[in-house]
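Written below as structure tokens is the structure these notes are about.
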Amino acid sequence: MKKIGIGLIGFGTIGAGVARLLLERKKLLSERAGFIPELISVCDCDLKRPRPVSLPAGILTRETKNVLENPRVQIVLELIGGIEPAGSFLLKALQNGKSVVTANKALLAEKGDCLFSAAEQSGCHLGFEASVGGSIPIVKTLKESFIANNITSLYGILNGTTNFILTRMVEDRLSLANALKIAQDAGFAERDPSLDLSGNDSSHKLSVLATLITGKFFPAAAIPTEGISGITAKDLDYAAELGYGVKLLSILKFGQNGLSLATYPALIPNRHILSSVRDVYNAIFLTGDLVGESLLFGKGAGMDPTASSVISDIISIGNNILCGAKPLPFSITPGKKLQLQTDFKSRYYFRFSALDQPGVLARIAEILGKYNISIASCIQKEEKPQKAVPVVVLTHTAKESAVKAAISAIDRLAAIKSKTILLRLAFDE
Ligand code: HSE
């Protein structure tokens with residue numbers, strides 16, 4: 001049986017998971033793939049750390065050239081993460097005529113344009129299934145299974161850590177800090193969780209999906225992004241009272257005025273299937289003009305789920321190398337020119353902290369009316385009248401720019417005692 005040589009850079013959690021599968025499932029993978037994926041060289045700066053796999057003698061190295069310049073290596077796995085030196089290793093591998101598999105969404109979301117064009121010029125394959133949604137085959141779904149479709153919208157829960165935190169806040173009535181600590185103690189939230197909490201990890205993944213769908217590179221920095229740090233248990237309670245759950249959503253939507261991309265915590269009606277995606281799970285709800293609505297669901301992180309996607313890229317690329325197939329384009333609509341829409345429409349949730357005095361609600365309503373924002377429902381909880389009380393408002397569909405201007409005017413009123421909390425609604429327009 002023919003062999004395909006694999007070199008791995010980055011022998012961390014995911015790298016060790018991939019190496020273990022390549023070694024322990026070698027026979028099974030070879031039978032299924034029709035070739036032997038042979039692990040030739042594994043590179044890491046730490047040769048001592050215990051890992052859940054023992055490598056054959058002599059293949060672990062500190063020298064990247066043992067992977068990048070090794071003539072027996074045909075596919076390089078870049079699993080170190082971060083921007084540099086990962087980006088340089090990836091480019092070097094392509095220049096040396098090697099195909100690459102990466103899980104590095106931060107790198108793709110910052111430098112995707114030059115990586116994709118370097119891969120195209122080299123004629124080598126670049127696989128990145130593991131960069132979005134861990135085990136979920138979303139890249140294959142978009143590039144192959146749904147190739148005949150125009151994708152009109154995509155709503156993704158793309159970060160397991162934040163989904164776990166929001167679920168525990170609601171179900172165990174924990175604060176965000178306590179839910180985060182449980183996630184960290186269980187080992188699936190990073191010690192520095194800022195990429196997750198800020199929504200940036202989700203926007204990295206949305207950037208990759210947007211490139212696939214639109215054929216145009218939208219770096220994560222161009223995607224409006226809000227995280228979950230400002231979400232309180234109080235807001236989750238009010239949302240539940242109104243019939244909604246709160247999820248950190250990454251959204252791609254083609255509307256009348258063009259394409260919008262954004263990541264933010266959103267209220268989702270309880271009847272929508274995405275509201276049942278709990279804990280560390282990820283899900284991607286997409287609409288194609290032929291298939292209609294589809295949902296992909298699965299584990300978005302972790303050693304085995306992510307390694308499973310890396311192996312899937314290795315097998316597809318190995319087969320393509322052996323039959324001499326050219327790489328598929330990186331997007332399903334190559335070359336299409338698109339502008340990002342900067343002002344989108346949505347329904348909104350506001351929580352005002354207002355003094356319980358005559359005329360305050362009227363002033364708020366007056367300002368909302370002035371900006372053409374229509375109130376759909378309103379709840380005020382009776383609390384101590386001398387203190388600020390929460391006034392929760394749901395609006396009908398309004399323009400983001402008008403909402404921002406109205407909230408800024410309302411927050412300047414003397415009767416408003418803290419910054420208004422603003423969340424958007426999804427699937428309820
Ligand atoms: N930290 C991510 C998450 C996994 O919690 O989903 C890696 O992107």
Side-chain angles (χ1 to χ4, degrees), residues 10 12-18 77-83 86 101-112 127-139 154-169 174 176-177 179-212 219-220 223 225-229 231 246-251 263-266 274 277-285 296-310 312-313:
T13 306
I14 309 301
V18 173
L77 315 180
E78 180 284 294
L79 296 175
I80 54 176
I83 306 299
V101 174
T102 181
N104 195 333
K105 55 249 151 197
L107 180 62
L108 292 169
E110 191 173 313
K111 305 226 156 109
F128 49 96
E129 183 67 79
S131 65
V132 182
S135 64
I136 300 174
I138 180 64
V139 175
L154 177 149
Y155 294 80
I157 297 173
L158 301 178
N159 185 272
T161 302
T162 46
N163 204 38
F164 176 87
I165 290 171
L166 291 171
T167 309
R168 293 298 107 221
M169 285 172 76
L174 297 177
L176 191 148
L180 171 63
K181 182 158 186 325
I182 291 175
Q184 286 172 323
D185 291 345
F188 54 79
E190 306 287 343
R191 285 292 123 198
D192 175 5
S194 45
L195 260 185
D196 297 310
L197 296 183
S198 62
N200 288 324
D201 175 75
S202 300
S203 282
H204 290 155
K205 294 164 183 168
L206 181 60
S207 160
V208 174
L209 296 179
T211 302
L212 273 171
I223 300 177
T225 300
E226 289 172 24
I228 66 160
S229 304
I231 300 274
V246 177
K247 301 281 176 197
L248 182 62
L249 278 190
S250 293
I251 300 171
T263 293
Y264 49 69
L274 275 186
V277 178
R278 300 166 58 253
D279 285 331
V280 291
Y281 282 93
N282 283 195
I284 299 158
F285 181 84
L296 285 91
F297 168 90
K299 288 196 171 151
M303 180 170 75
D304 284 340
T306 310
S308 163
S309 286
V310 171
S312 127
D313 274 343

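Quick caveat, the model's predicted, so the values are computed rather than measured. Hydrogens, waters and symmetry mates play no part in the numbers below; they use all other heavy atoms, side chains included. Whatever order the structure lists them in is the order used to number ligands and atoms, beginning at 1.
The side-chain heavy atoms of Leu197 and Thr162, taken from C-beta on, include a pair separated by under 4.5 Å. Contact of the Leu107 side chain with the Glu78 side chain is registered, since non-hydrogen atoms from C-beta on lie closer than 4.5 Å. You'll find the side chain of Leu180 reaches within 4.5 Å of the side chain of Gln184, heavy atoms only.
The number of heavy-atom neighbours closer than 6.0 Å to OH of Tyr264, taken from other residues, nucleotides and ligands shown, is above 12.
Defined by atom type and a distance below 3.5 Å, a donor-acceptor pair is present between the side-chain atoms of Asn200 and Ser198. If you check the side chains of Ser203 and Thr225, you find a donor sitting under 3.5 Å from an acceptor.
At least one heavy atom of Lys205 lies less than 4.0 angstrom from ligand 1.
Regarding atom 1 (N) of ligand 1, its nearest protein heavy-atom neighbour is Asp196 OD1, 2.9 Å. Considering only non-hydrogen protein atoms, atom 6 (O) of ligand 1 sits nearest to Gly160 N, 2.7 Å. Regarding atom 7 (C) of ligand 1, its nearest protein heavy-atom neighbour is Lys105 NZ, 3.4 Å. With respect to atom 5 (O) of ligand 1, the closest heavy atom belonging to the protein is Thr161 OG1, 2.6 Å.
Every atom of ligand 1 with a heavy atom of Asp201 under 4.0 Å away is listed here by number and element: 2 (C), 8 (O). Atoms of ligand 1 lying under 4.0 Å from any heavy atom of Ala301, numbered from 1 in the order shown and given with element: 4 (C).
When non-hydrogen atoms are compared, ligand 1 lies under 4.0 Å from neither the backbone nor the side chain of Val280.
For Thr211 (side chain) and Ser207 (main-chain N/O), a donor-acceptor pair under 3.5 Å exists by modelled atom type.
Looking at Glu190 next to ligand 1, no N or O pair under 3.5 Å apart turns up.
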